[in-house]
Structures are given as structure tokens and as C-alpha cells.
Novice: 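For reference, the structure I am asking about is given below.
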Amino acid sequence: MNLPSPNRDIRELPKAQLHLHLTGAMRPATLTELAGRYGIRVPPPLPSAAGTWAAFQDRYDASRAVLRTPADIRRVIVEAATDDAADGCRWLEIQVDPTAYAPVFGGLEPALEAVLAGAAAAPIPVGVLVASSWVRPPAHALTLARLAARYEGVVGFGLSNDERGAVVADFAPAFRVARDAGLLTAPHSGFYTPAAHVRECVELLGATRIGHGTSAATDPQVVDMLAARSVALEICPTSYPPFGVHELSTIPLKTFLAAGVPVALSTDDPLLFGVGLTGQYEICRTALGLTDEDLAFLAASGIQASAAPADLKTRLLSEVATWLATGSQ
Ligand SMILES: [Zn+2]
């Protein structure tokens, strides 16, 4: 006989959110308001059936167009941090590719500075990851890594967008600069690409975290390697069904949990996928049958894999343990 779930309140579980894109962090109402202000048509929502990457990117690019001033960026970050804080988030990392904002803001530096100013104004601590794109030249990634290395408040470097088609090794110089500057390194991988791509990101780029990385579950050797090196996967459950990558019930979280691979549950783009941080944990409970012990492990993994200061990590990990102990039956 199954014992009833303790049903602890997931909102109360202290969490770190490690995979959130600036544009995708926008509240839908803010998108509507800013689009109205600037005379931009609000793009339609993603179709619920399997969509294409191009359709996603079109909507994403159009949403980005409504961020025109430092005040717009500050508003998005403060609102996102407020929403995450209400979901129990105690440390937030926002990633941004400043390239897309540079033409409007007058260069890469002012674009990044607007993001850092927004992060500093948020109600919870917010670290910034500078992300180049897999679809831009490796030389540009190097430029952004050097930019990232110069700014206090930047905690990491990544590569976003569609990871298919690029040669992983070509990005090694950019990641070397980031690592030498003490930044954590978190490229997107293993979303469309196979487990071998995840392995290359760890071995050739020195990735300390992987954005998504769920395909790694198909190769036990890659799973073992991730566990042995404590490379955390930033898994965002609602990002997979719209693209036919996984159904919610087939996300291989139990494979990673069984192997001890750290997993940081995150939201990716709540503007597009409509589910916040607590909702991602709820999905793991309801669609994947994870226990509260599992959820506490995920929360602790996210905290440990974050760029949060050591004393904050210690405090949050202790609070995760308290959450689990308090609701036991
Ligand atoms: Zn992402």
C-alpha cells in the first residue's frame, strides 16, 4: 500500500533558479503594455502541438523588441525576481545575450550594464550570465566572454539558441577566457543534440553546468561522467513538449536522480511556456511521481550549482533540510 504523500508546500521549499532568459522572463502583461507603448504587434503564443524552433525564435525575437530602455530591462528583471521570490526562489541567475540589445542601447557595454543595474535592483540576489549563441561565430563568443570577464555581477558564461550545426571545439577559446575569469560555464546542449554533444561540452569547453542536457540520459557513460564531475543539468520541464523533445511524463529525471547527477529545475522562458518555478517542481511531483525527498535533492542541487556566495548556499541548504524534516509523517 502506498503511503499518502506528505504534500509539503513546494512554494516554501528554498530554491535557486539557474536557467532564465531575460526576454522569456517577461510577464505577459508587461509584454502587452510595452508592445502597446512602442507600437509593436504582440506575437501569438506558441502552438500547443509540437512546434518548430523557428516559430519559437520568431516569437522570442519579437518579444525582445519591446525592451528599448534600461528602465524596461530593469522592470523585467525586478518583476521576474519578484515572481520567483514568491515561488520560494532565493537566488536567481538571468542569462542574456547582449548582442541583440546592443544596437538599441548603443553597444554591448551599455546593454550589459542595463542588465546588471536591473539585477542590482531586484528583491532577491540576482547573478547575470552572459550568453553568446551557438548560431553566431565562435569569434563573437570570444568577444562576449571577454566582456563578461570584465564585469562584477556577471557570474557565468553560456551559449544559448539552437545547438545543432556548430562545432563544439570552435568555442573552446571563449570558454577558456570565461573559466580563467572564474566564471561558471553553462552552454545549452542535449536538447536537440545527442549525448555525445553533452560530453563534448564538458570535455572540450569545461562546462560546469549544461542547459537542458536531457539527451545525456540515453548514454550511461555520459550520465556517469556528469555525476562524477558534478556537472548540473538545468532542466526546464515545460520547455520540451512544445518541441516534441519529451512529454512531461518522459523527461528522464529519475535516470539522473538515480545516478546522482545534480539537476537544477528552472523555467527557461515563462513568458512562452507559462509555468513558473513552483510549477516546474509541481510537474515533477505530479507527472513524474517524484517524492519530496527527490524535490529537496533537486532544490539542493540548484543551490549547490549556483554562483551564490558560500554562506548563502550553506544557509539555503540547511533550510531545504528543514523543509523536508518539518513535513515528514
Ligand atoms: Zn534556455
Novice: Can you check whether Glu33 reaches Arg27 side chain to side chain, under 4.5 Å on heavy atoms?
Specialist: no

Novice: Please test Leu92 against Cys89 for side-chain contact (heavy atoms from CB on, under 4.5 Å), starting from the C-alpha separation and ending with a verdict.
Specialist: CA-CA 7 Å; Leu92 169 61; Cys89 181; 4.2 Å; yes

Novice: Would you call Ser133 and Thr99 a side-chain contact if the rule is heavy atoms closer than 4.5 Å?
Specialist: no

Novice: Would you say His246 and Thr214 are linked by a side-chain donor-acceptor pair, where the criterion is simply a distance under 3.5 Å?
Specialist: yes

Novice: May I ask you to test the Leu317-Gln304 pair for a side-chain heavy-atom distance under 4.5 Å?
Specialist: yes

Novice: Regarding Gln280 and Thr238, is there a side-chain donor-to-acceptor distance under 3.5 Å anywhere?
Specialist: yes

Novice: Would you call Asp219 and Arg199 a salt bridge, taking side-chain N to carboxylate O under 4.0 Å as the test?
Specialist: no

Novice: Nearest 0.5 Å, what's the OG1-CD distance between Thr193 and Glu200?
Specialist: 9.0 Å

Novice: Could you name each residue pair satisfying salt bridge (charged side-chain N to carboxylate O under 4.0 Å, His left out) that touches residues 119-135, not counting sequence neighbours?
Specialist: none

Novice: Linking I/L/V/M/F/W/Y whenever any side-chain heavy atoms sit under 4.5 Å apart, do Val135 and Phe175 land together?
Specialist: no

Novice: With a 4.0 Å cut-off, would you call Lys15 and Asp87 a salt bridge?
Specialist: no

Novice: Quick check: do Leu112 and Val154 have side-chain heavy atoms less than 4.5 Å from each other?
Specialist: yes

Novice: Given 3.5 Å as the limit, does a donor-acceptor pair link the side chain of Ser266 with the main chain of Leu18, or not?
Specialist: yes

Novice: Minimum heavy-atom separation for Gly302 and Ala264, please, with both atom names.
Specialist: CA-CB, 3.7 Å

Novice: Please determine whether a side-chain nitrogen of the Lys or Arg among Arg209 and Glu93 lies less than 4.0 Å from a carboxylate oxygen of the Asp or Glu.
Specialist: yes

Novice: What's the separation between atom CD in Gln17 and atom CG in Asp84, rounded to the nearest 0.5 Å?
Specialist: 4.5 Å

Novice: Using 0.5 Å steps for rounding, measure from the CD1 atom of Ile10 to the CD1 atom of Ile283.
Specialist: 10.0 Å

Novice: Under 3.5 Å, side chain of Thr82 to main-chain N/O of Val78, donor-acceptor pair present?
Specialist: yes

Novice: Does a donor on one side chain and an acceptor on the other come within less than 3.5 Å for Thr286 and Tyr281?
Specialist: no

Novice: Taking the six-membered ring for Trp, is the centroid-to-centroid distance between His188 and His197 below 6.0 Å?
Specialist: no

Novice: Applying a strict under-4.5 Å side-chain criterion to I, L, V, M, F, W and Y, I'd like to know whether Val130 and Leu142 cluster together.
Specialist: no

Novice: Please report the C-alpha distance between Val96 and Tyr101 in whole Å, then the side-chain angles of each, then the deciding distance to 0.1 Å, and finally whether the side-chain contact (heavy atoms from CB on, under 4.5 Å) criterion is met.
Specialist: CA-CA 9 Å; Val96 61; Tyr101 300 97; 3.6 Å; yes

Novice: What are the two closest non-hydrogen atoms of Leu159 and Ala141, and how far apart are they?
Specialist: CD2-CB, 4.3 Å

Novice: When you check the gap from the basic side-chain N to the acidic O, do Arg37 and Asp72 get nearer than 4.0 Å?
Specialist: yes

Novice: Do you know which of Leu144, Val128, Leu22 makes side-chain contact (heavy atoms from CB on, under 4.5 Å) with Pro98?
Specialist: Leu144

Novice: Among the clusters formed by ILVMFWY side chains lying less than 4.5 Å apart, do Val177 and Leu205 turn up in the same one?
Specialist: no

Novice: In this structure, would Ile94 and Phe105 fall into the same cluster of hydrophobic residues linked by side-chain contacts under 4.5 Å?
Specialist: yes

Novice: Ile77 and Ala122: which non-hydrogen atoms are nearest, and at how many Å?
Specialist: CG2-CB, 4.5 Å

Novice: For the pair Ile210 and Glu234, evaluate side-chain contact (heavy atoms from CB on, under 4.5 Å) and give the outcome as yes or no after the intermediate values.
Specialist: CA-CA 6 Å; Ile210 297 288; Glu234 302 156 2; over 6 Å; no

Novice: How about Pro194 and Thr218: do any of their side-chain heavy atoms sit closer than 4.5 Å?
Specialist: no

Novice: With rounding to the nearest 0.5 Å, note down the distance linking CG in Leu288 to OG1 in Thr250.
Specialist: 8.5 Å

Novice: Short question: side chain of Ser160, backbone of Ala131 - any donor-acceptor pair under 3.5 Å?
Specialist: no

Novice: Using atom types as modelled and distance alone, determine if a side-chain donor or acceptor of Glu163 lies under 3.5 Å from a backbone N or O of Trp134.
Specialist: no

Novice: Heavy-atom distance under 4.5 Å between the side chains of Cys284 and Leu295, does that happen here?
Specialist: yes

Novice: Any donor and acceptor pair, going by atom type alone, linking the side chain of Thr30 with main-chain N or O of Met26 inside 3.5 Å?
Specialist: no

Novice: Would you check if the side chain of Thr185 reaches a backbone N or O of Thr208 as a donor-acceptor pair within less than 3.5 Å?
Specialist: yes

Novice: Taking side chain as C-beta onward, heavy atoms only, is Leu67 less than 4.5 Å from Val104?
Specialist: no

Novice: For Pro241 and Leu248, which heavy atoms make the closest approach, and how far apart are they?
Specialist: CG-CD2, 3.8 Å

Novice: What class does the angle between the rings of Tyr240 and Phe191 fall in, given that below 30° is parallel, 30 to 60° is tilted and above 60° is perpendicular?
Specialist: tilted

Novice: Would you mind reporting whether Leu129 and Val155 have side-chain heavy atoms less than 4.5 Å apart?
Specialist: yes

Novice: Without swapping roles, check the side chain of Ser230 against the backbone of Leu226 for a donor-acceptor pair under 3.5 Å.
Specialist: no

Novice: If you measure from CG on Leu147 to CG on Leu108, what distance do you get to the nearest 0.5 Å?
Specialist: 6.0 Å

Novice: Report whether Val126 and Leu184 are members of the same hydrophobic cluster (ILVMFWY, side-chain heavy atoms less than 4.5 Å apart, transitive linking).
Specialist: no

Novice: Is a side-chain donor or acceptor of Ser318 paired with a backbone partner of Thr314 at a separation under 3.5 angstrom?
Specialist: no

Novice: Please report the closest heavy-atom contact between Gly213 and Val198, naming both atoms and the distance.
Specialist: CA-CG2, 4.1 Å

Novice: Other residues, nucleotides and ligands only: do more than 12 of their heavy atoms fall within 6.0 Å of CZ on Arg68?
Specialist: yes

Novice: Using every non-hydrogen atom in the two residues, find where Ala85 and Ile124 come nearest and quote the distance to one decimal.
Specialist: CB-CG2, 3.8 Å

Novice: Do Thr291 and Asp294 have side-chain N/O donor and acceptor atoms under 3.5 Å apart?
Specialist: yes

Novice: So, is the end of the Arg8 side chain (NZ or CZ) under 6.0 Å from the ring centre of Trp323 and within 45° of the ring's axis?
Specialist: yes

Novice: Measure from the side-chain N and O atoms of Thr267 to the backbone N and O of Asp269, and report whether any donor-acceptor pair falls under 3.5 Å.
Specialist: no

Novice: So, are Arg136 and Asp97 salt-bridged, with charged N and O less than 4.0 Å apart?
Specialist: yes

Novice: How many angstroms lie between CG in Asn161 and NE2 in His21, if you round to the nearest 0.5 Å?
Specialist: 9.0 Å

Novice: Run the side-chain contact (heavy atoms from CB on, under 4.5 Å) test on Leu253 and Leu265 for me, step by step, so that the C-alpha distance in whole Å, both residues' side-chain angles and the decisive distance to 0.1 Å come before the verdict.
Specialist: CA-CA 10 Å; Leu253 262 180; Leu265 281 188; 4.2 Å; yes

Novice: Evaluate side chain to side chain donor-acceptor pair (under 3.5 Å) for Tyr151 paired with Glu113, printing each intermediate quantity in order.
Specialist: CA-CA 9 Å; Tyr151 280 89; Glu113 285 161 14; 2.6 Å; yes

